[in-house]
Amino acid sequence: MSDLFRPTGSVPSSELDQLPDRDREETAEWQASLDAVVRHAGPDRAVYLMRRLHEAAARAGVRLPRLLTTDYVNTVPVSAQPAFGGDLAMERRITALNRWNAAVMVTRGAPQGLGGHIATYASAAWLYEIGFNHFFRGKDGDGSGDQLFLQGHASPGIYARVFLEGRLSEADLDGFRREAAGRGLPSYPHPRRLPWLWEFPTVSMGLGPLGAIYQARFNRYLHARGIKDTSGSRVWAFLGDGEIDEPESTAALTLASRENLDNLTFVVNCNLQRLDGPVRSNDKVVQELEARFRGAGWNVVKTLWGEAWDPLLGQDTGGELVRRLDRIPDAQLQTLAARDAAYIRENFFTGDALSALSASLSDAQVVELFAHSRGGHEPLKVYAAYRAAVEHTGAPTVVLAQTVKGHTLGPAFESRNANHQMKKLTMPQFRALRDLLELPVPDSALAGDEAPYWHPGPNAPEVEYLRERRAALGGPVPARRVSARPLPPAPAAPFEALEKGFGHQEVATTMALVRLVKDLMRDERTGARWVPIVPDEARTFGMESLFPTAGIYSPHGQTYEPVDAGQLLFYKESPTGQLIIEGITEAGSVAEFAAAATSYATHGEPMIPFYIFYAMFGFQRTGDQFWALADQMGRGFVVGGTAGRTTMTGEGLQHGDGHSHLLAATNPAVISYDPAFAFEIAVIVRDGLRRMYGDDPENVFYYLTVYNEPKQQPPMPAAPGIQEGIVRGIYRYRPADAGAAGPQIQLLSSGTAVHWALRAQELLAADWGVQADVWSVTSWTQLRRDAMDADAARTRGEERVPYVTEALAGAPGPVLAVSDWMRQVPDQISQWIEQDYFSLGTDGFGLSDTREAVRRYFGVDAESIVVTALDRLAGSGQVAPETAAKARARYGLEG
């Protein structure tokens with residue numbers, strides 16, 4: 001090793017050994033100075049000095065690795081707290097009213113077993129109230145305002161505030177969790193159930209923070225592309241410290257920092273409790289979260305302790321109190337919040353220094369420190385934290401606010417492991433709450449079995465103050481508004497090109513759909529509205545031609561020369577790029593899709609998201625997000641590429657999608673199709689644009705499965721009713737030879753299986769004299785839903801025949817259904833078929849082999865269809881019993 005690289009002294013080897021030491025004597029002097037501080041002043045003083053140097057280096061522009069954690073104290077010291085921008089006494093009264101009404105609302109539902117959550121809002125009340133009164137922007141200004149992802153279990157407190165504003169009545173509050181009558185309040189933020197209030201569904205843990213990150217990112221995307229000025233919008237996400245354990249909660253943290261999303265603020269309610277007990281019983285979740293967020297590049301603001309701690313920390317000249325706070329585990333903090341002064345003195349204020357520090361405190365003051373004086377419960381501390389968050393630039397901010405779960409609800413609730421399951425207050429507890437909150441509720445109002453709501457009146461000072469604050473901030477929040485105009489109809493030419501077919505050229509339906517979208521993106525009126533989203537397989541789906549034309553969205557542009565710069569389809573990143581390539585993250589892609597799919601309401605700007613993914617990893621991996629998307633009333637096109645169990649040759653067990661249509665069928669907002677031909681795609685997409693973006697838009701989104709298997713794409717048949725049949729789910733694509741005699745059967749098929757059915761039709765006629773009609777079923781699910789609607793109509797006394805029943809009425813012979821999906825997919829319609837019905841499918845795990853071999857294995861190839869058709873005909877006496885056995889021998893299907 002060269003002397004230049006040799007470490008000085010007996011220092012253990014490190015990565016610094018690889019760097020030349022230009023002045024070893026200077027280095028030795030710095031090390032000796034540090035050694036002297038440790039010897040004479042102790043390691044704690046050395047740590048303090050090193051951290052001060054670290055801060056000074058940062059201010060001087062010296063780039064150093066960031067410290068992952070700081071001491072267990074507030075980030076904003078009391079000396080740096082900004083002046084409060086409101087009437088503190090008034091806001092205390094307002095918060096007290098909201099606490100009371102939230103508790104009353106949930107308790108009133110308890111006798112009916114309706115449940116509800118009290119403790120979460122009780123801990124987070126000031127986290128919301130400071131935001132509502134000082135930070136959250138409404139939509140009256142730019143039409144967008146701020147986007148609030150509110151913690152689901154805190155919804156009673158939000159309802160209570162909306163009640164105080166006058167947007168809800170007492171009758172509405174009594175409808176909490178009583179929705180069957182059509183006017184109740186949903187348990188959590190459900191936009192579909194209460195579309196004028198809620199914007200974002202968040203109670204499915206982890207999806208709120210993930211959605212918030214991509215919402216902030218999509219806001220920047222809209223702004224960069226010149227569609228909407230979103231520079232004034234901030235995304236706020238409220239979540240619990242236990243919720244961070246969900247992988248989706250932190251899956252996109254680095255995206256937020258990498259793209260400098262300083263329009264994003266997380267507020268983590270660190271009450272140190274999850275549903276059944278402490279979040280980190282033997283550790284400190286706040287410090288863990290700080291390290292995680294700092295390591296991901298976020299700005300972290302901790303607001304842990306209230307005003308009662310300020311003088312103690314100021315007197316802690318030796319650092320004993322800070323060191324004690326740094327080391328005490330969360331579960332012990334929870335215990336201290338529920339114990340008396342003697343216990344706290346004995347178990348926390350130990351040692352001479354801490355005993356002396358607490359000697360001047362009364363027992364009540366000692367209890368107050370842990371039971372109530374937490375940063376998240378004090379408006380001045382929360383205000384200071386939020387101000388620090390919104391003034392920070394260049395990175396997203398997380399506010400870690402420490403609270404007590406069940407705060408103000410009394411000793412039976414506060415810091416108790418079971419408080420998440422506690423759904424009501426007793427009348428003595430209500431009287432104690434009334435006294436603590438200093439509310440003017442008379443004893444006579446609490447003499448019965450039910451506590452009253454308390455509203456000071458529509459013209460009361462509290463209500464006027466609320467209205468003034470919200471008017472100054474741009475109107476009420478939360479609030480959902482739909483002011484988007486319909487989009488102009490798409491040009492006809494791209495659809496007509498697919499309807500004409502591709503002649504003798506073999507084209508996969510994936511390529512046909514991508515071509516259609518590319519052509520629609522060129523339209524001057526609506527082309528810019530398309531938002532293509534791909535999780536890192538754009539080339540798989542033939543979308544690389546969009547790279548240089550539409551560009552790939554990147555807020556930093558392209559700071560390098562792409563390796564394929566000299567090629568026609570080079571990789572082009574741009575701040576104004578239209579194509580979004582998310583990387584290998586289906587969860588992130590769906591979150592981005594949701595932001596785009598609801599832009600018509602969030603920003604008043606309808607966008608057309610087009611999310612194409614590997615079908616196997618779509619609904620299966622992100623089904624919960626698709627349910628949230630349905631709740632949020634998103635609109636757009638979801639496309640499962642490389643669909644079917646048998647079309648992806650060689651990929652094996654996990655990669656064959658034979659069930660996503662079954663999963664999609666469970667979601668009422670999904671309109672799913674399995675098209676076989678390019679012309680079917682054209683009809684479906686055009687109808688989808690009409691339904692979602694026309695004069696009377698519907699809150700649905702489309703799921704299309706497309707295949708990577710090249711096939712001839714014929715022109716659309718000229719027979720009447722074809723387009724209606726494609727949209728509604730079934731039409732007769734190729735009838736049997738009208739002049740031929742013999743047994744007859746109906747072959748129903750979808751997607752790529754239509755080609756197997758067409759080959760089977762030929763074999764049945766040529767080899768066995770059987771005449772088959774081949775039907776293309778574009779949507780098994782739409783047929784089922786129509787039939788179910790018909791059943792419901794008949795229950796109401798209306799006469800209605802299901803479309804599938806009507807389409808097949810009088811069709812001769814049995815019905816045999818086949819698809820590249822498990823049999824449950826076509827079996828959805830079986831009970832509405834008047835003929836004998838049987839299905840073939842790809843049940844079981846996928847496997848690797850050629851398409852032909854895999855289809856033979858599952859028994860869905862043309863020859864297997866023929867054998868099954870003959871067997872069904874034999875069962876009805878239309879062919880001899882031994883015919884199916886002869887066919888098995890002929891086609892090598894024996895054994």
Ignoring hydrogens and geometry, is there a side-chain-to-backbone donor-acceptor pair from [X] to [Y] under 3.5 Å?
| X | Y | answer |
| --- | --- | --- |
| Asp262 | Gly394 | yes |
| Ser233 | Gly145 | yes |
| Glu243 | Leu207 | no |
| Glu290 | Thr70 | yes |
| Arg645 | Asp657 | no |
| Asn219 | Thr230 | no |
| Thr622 | Glu586 | no |
| Thr27 | Asp23 | yes |
| Gln713 | Phe502 | no |
| Thr202 | Gly208 | no |

Salt-bridged, [X] to [Y], with N to O below 4.0 Å?
| X | Y | value |
| --- | --- | --- |
| Lys711 | Glu709 | yes |
| Asp146 | Lys139 | no |
| Glu288 | Lys284 | no |
| Asp519 | Arg522 | yes |
| Asp71 | Lys302 | no |
| Arg220 | Glu259 | no |
| Glu544 | Arg539 | no |
| Arg217 | Glu582 | yes |
| Arg280 | Asp245 | yes |
| Lys228 | Asp142 | no |

Distance under 6.0 Å and angle within 45° of ring axis: Arg635 vs Phe701: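 No cation-pi geometry.
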Within 6.0 Å of [atom1] in [X], more than 12 heavy atoms from elsewhere:
| X | atom1 | result |
| --- | --- | --- |
| Gln654 | CD | no |
| Glu391 | CD | yes |
| Leu653 | CG | yes |
| Glu524 | CD | no |

From [X] atom [atom1] to [Y] atom [atom2], the distance as rounded to the nearest 0.5 Å:
| X | Y | atom1 | atom2 | value |
| --- | --- | --- | --- | --- |
| Tyr214 | Ile580 | OH | CD1 | 10.0 Å |
| Asp674 | Thr705 | CG | OG1 | 3.5 Å |
| Ser144 | Glu605 | OG | CD | 8.0 Å |
| Leu689 | Ile684 | CG | CD1 | 12.0 Å |
| His655 | Thr647 | NE2 | OG1 | 12.5 Å |
| Ile612 | Ser589 | CD1 | OG | 11.5 Å |

With heavy-atom distances below 4.5 Å as the criterion, would you say the side chains of [X] and [Y] are in contact?
| X | Y | value |
| --- | --- | --- |
| Glu248 | Pro209 | no |
| Tyr693 | Arg529 | no |
| Thr69 | Arg294 | no |
| Ser599 | Pro606 | no |
| Phe266 | Ile213 | yes |
| Met543 | Pro532 | yes |
| Val638 | Phe626 | yes |
| Met633 | Thr598 | no |

Heavy-atom pair with the smallest gap, counting every atom of Phe495 and Ala682: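 Minimum heavy-atom contact is CD2-O, 3.4 Å.
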Closest non-hydrogen atom pair between Phe541 and Gly641, with its separation: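 The answer is CE2-CA, 3.8 Å.
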Criterion side chain to side chain donor-acceptor pair (under 3.5 Å) on Tyr571 and Glu573, from CA distance to verdict: CA-CA 7 Å; Tyr571 202 82; Glu573 297 186 75; 5.4 Å; no
Of Phe617, Tyr611, Phe610, the residue whose pairing with Phe613 passes ring-ring contact (aromatic ring centres under 6.0 Å, His included):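 Considering Phe617, Tyr611, Phe610, a ring-ring contact (aromatic ring centres under 6.0 Å, His included) with Phe613 is found only for Tyr611.
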Indicate the ring-plane relationship of [X] and [Y], choosing parallel, tilted or perpendicular according to the 30° and 60° boundaries.
| X | Y | value |
| --- | --- | --- |
| Trp236 | Phe238 | parallel |
| Phe149 | Phe200 | parallel |
| Tyr553 | Tyr221 | perpendicular |

Trace of the side chain to side chain donor-acceptor pair (under 3.5 Å) decision for Ser483 with Tyr600: CA-CA 7 Å; Ser483 57; Tyr600 72 93; over 6 Å; no
Ring-ring centroid check His659 Phe619, cutoff 6.0 Å: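 No, the ring centres sit 6.0 Å or more apart.
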